[in-house]
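Quick notes on the structure that follows.
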Amino acid sequence: MRKWLDRALLGVGWAAVLAGIAGVVLHLGSWRWELFVLGASGASYLMVGALLGLVLVLIARGWRSAAFAGVVVAVALWTQLPIFVPNGHAASGPRITVLQSNILFGGADIGAVVRTVRDERVDLLTVDELTQEAVDRFAAAGISDELPHQFLIPGPGGGGTGIYSRYPLRDTQRFDGFQINNLGATMEHPERGDIAVFALHPIPPNLNFAAWSWEMPRIREILDARTGPAIVGADFNATRDHAAFRALVAGRYDSAADLVGAGPMLTWPDSERWGPVLGIDHILVADGTAEDLRSLSIPGSDHRALLAHLRMNA
């Protein structure tokens, strides 16, 4: 009986280890195939299989199998553990509070967003899926009392995007070629001077994979073209397990989540009882650091908002 139990445990253990290997491969690869890119969204969950497999083969006393599973677990941990370790630095410049929110086709509770802006003294709000009706509700809720400087290009469905700022905006720009409005501007901060700000939203890869595959590298080109301090609020429709996202933070931009060691910072879907399970919303900073980052549920939205306290370099 023990022999058959060990064989069963070994079989299940190896299946779990193979799932872990698939997760590692999906994480590491710069895939050009839609199925693999979509699969990479859940790569970290597959990697948990390697740990489960290791436990099972140890119970089954499969020592050689356990050694192999241990190597897979080590590689998986190498890909995932760094996001739980803060890697920020001290900065003595001004503090800037940033809120990033996807408001689900304009249907989220705008009042809740504006209350967060007011209560948290938000300096910069980036909004995805901004409709004209949502713009009107933002105005009615008193957003201009807190963030009077605005660059908004609303649109139907999920196509609209907006930047609300406490400080003046200039050099506003809508970037060409994107399926959804992607915006940039220069914020004139009274202490730090000019800071580039971006509100970005590439198309989801499951809706238009070819467009997403073009838009993510294009976003990196846009960000890399700017020098000096910069802040990005975005629904990138990509997790840290996507090579296309990691490319964005491979240079001078840092993810606020990485800076504070917040882990994957899951944001979607917040509208389901079993969610959120993916971290696709992000705040990035260049020439600065993050002191705090947390997610907030916004009634009526399928995304959690991100609230970050950034500190710019002097």
Side-chain angles (χ1 to χ4, degrees), residues 93-155 159-174 180-201 226 229-235 256 267 281-286 288 290-301 303-312:
R95 193 188 205 203
I96 300 177
T97 301
V98 181
L99 182 66
Q100 153 65 24
S101 184
N102 181 312
I103 58 172
L104 184 58
F105 307 143
D109 186 342
I110 300 302
V113 178
V114 175
R115 285 192 297 274
T116 301
V117 168
R118 184 177 299 115
D119 294 346
E120 299 290 341
R121 293 292 295 169
V122 168
D123 300 301
L124 177 68
L125 167 65
T126 54
V127 182
D128 297 315
E129 303 195 7
L130 182 70
T131 62
Q132 183 57 55
E133 193 259 344
V135 170
D136 296 339
R137 286 190 287 131
F138 268 116
I143 189 69
S144 295
D145 295 337
E146 299 295 325
L147 305 176
H149 306 281
Q150 302 164 10
F151 176 38
L152 315 175
I153 302 184
T161 308
I163 300 173
Y164 292 86
S165 172
R166 188 172 301 279
Y167 309 111
L169 298 173
R170 60 175 172 80
D171 301 331
T172 57
Q173 184 176 4
R174 175 187 177 275
I180 296 171
N181 289 315
N182 284 253
L183 311 181
T186 298
M187 180 173 70
E188 299 176 352
H189 194 277
E191 298 177 53
R192 186 60 181 86
D194 291 349
I195 299 175
V197 295
F198 301 90
L200 303 175
H201 191 193
R226 297 298 296 262
I231 298 170
V232 180
D235 169 7
T267 60
D281 298 86
H282 305 271
I283 292 174
L284 311 182
V285 59
E291 298 181 331
D292 179 67
L293 176 71
R294 67 181 190 269
S295 64
L296 307 169
S297 288
I298 303 297
S301 176
H303 289 247
R304 286 188 179 179
L306 291 181
L307 180 70
H309 296 115
L310 307 180
R311 180 78 66 177
M312 309 309 293

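Starting from 1, each residue takes its place in the sequence as its number.
Judged by distance alone, with hydrogens and angles left aside, the side-chain atoms of D123 form a donor-acceptor pair with the main-chain N or O of T97 at under 3.5 Å. Proximity of a side-chain donor or acceptor of N181 to a complementary backbone N or O of I153 within less than 3.5 Å is detected. Between the D128 side chain and the H201 main chain, no donor and acceptor come within less than 3.5 Å of each other. Of the possible polar contacts, none joining the S165 side chain to the P168 backbone as a donor-acceptor pair under 3.5 Å is found. Remark: the backbone N or O of G93 is paired with a side-chain donor or acceptor of R311 at under 3.5 angstrom.
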Trace of the side chain to side chain donor-acceptor pair (under 3.5 Å) decision for E129 with S301: CA-CA 10 Å; E129 303 195 7; S301 176; over 6 Å; no

query: Given L307 and V122, is the side chain to side chain contact (heavy atoms under 4.5 Å, CB included) satisfied, shown in steps?
result: CA-CA 9 Å; L307 180 70; V122 168; 3.8 Å; yes

message: Under the criterion side chain to side chain contact (heavy atoms under 4.5 Å, CB included), I'd like the reasoning laid out for Q150 against I143: C-alpha separation, chi angles, the key distance, then a yes or no.
response: CA-CA 10 Å; Q150 302 164 10; I143 189 69; 4.0 Å; yes

task: Decide salt bridge (charged side-chain N to carboxylate O under 4.0 Å, His left out) for R294 and D292; before the verdict, give the C-alpha distance in whole Å, the side-chain angles of both, and the deciding distance to 0.1 Å.
output: CA-CA 7 Å; R294 67 181 190 269; D292 179 67; 3.8 Å; yes

- prompt: Could you walk me through whether V232 and V285 pass the side chain to side chain contact (heavy atoms under 4.5 Å, CB included) check?
  reply: CA-CA 6 Å; V232 180; V285 59; over 6 Å; no

message: As a quick check of understanding, evaluate side chain to side chain contact (heavy atoms under 4.5 Å, CB included) for N102 and D281, giving each step before the final call.
response: CA-CA 8 Å; N102 181 312; D281 298 86; 4.2 Å; yes

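By the 4.5 Å heavy-atom criterion applied to side chains, R226 and T186 are counted as neighbours. Between L124 and I231 the shortest side-chain heavy-atom distance falls below 4.5 Å. Side-chain atoms of P229 and I195, non-hydrogen and from C-beta on, do get closer than 4.5 Å to each other. Contact annotation: the side chain of R121 approaches that of E146 to within less than 4.5 Å [non-hydrogen atoms, C-beta and beyond]. Under the 4.5 Å side-chain criterion, counting only non-hydrogen atoms from C-beta, V197 is in contact with L169. Annotation: side chain of V113 is in contact with side chain of L99 (closest heavy-atom distance under 4.5 Å). At least one side-chain heavy atom of S295 sits less than 4.5 Å from a side-chain heavy atom of L306. The closest side-chain heavy-atom distance from T116 to L296 is below 4.5 Å.
For the pair V114 and A141, the tightest heavy-atom approach, listed with the atom from each and the gap, is CG1-O, 3.5 Å. Minimum heavy-atom separation, F151 to G184: CE2-O, 3.7 Å. Scanning all heavy atoms of the two residues, the minimum distance from R304 to S297 falls at NE-OG, 3.7 Å. Of all non-hydrogen atoms in P94 and E191, the two that sit nearest each other are CB-OE1, 3.9 Å. Residue I283 comes nearest to A308 through the heavy atom pair CD1-CB, 3.7 Å, listed as atom of the first residue, atom of the second, then distance. Among all heavy-atom pairs drawn from A256 and L310, the shortest one is CB-CD2, 4.5 Å.
In this structure, D136 CG and I110 CD1 are separated by 10.5 Å, a value rounded to the nearest 0.5 Å. Note that NE2 of H189 and CZ of R166 are 9.5 Å apart. Values are rounded to the nearest 0.5 Å. Note that the CG atom of D109 and the CD1 atom of I298 stand 7.5 Å from one another [nearest 0.5 Å]. Atom CD of E120 is separated from atom CG of L125 by 13.0 Å, given to the nearest 0.5 angstrom. One finds the CE atom of M187 at 12.0 Å from the CZ atom of F198 (value rounded to the nearest 0.5 Å). Between L200 atom CG and H282 atom NE2 the span is 11.5 Å, to the nearest 0.5 Å.
Shown here are the side-chain hydrogen bond (donor to acceptor under 3.5 Å, both in side chains) partners of R170, two or more places apart in sequence or in another chain: E188, D194.
Evaluation of the ring-ring contact (aromatic ring centres under 6.0 Å, His included) test over residues 111-140, restricted to residues two or more places apart or in two chains, returns F138-Y164.
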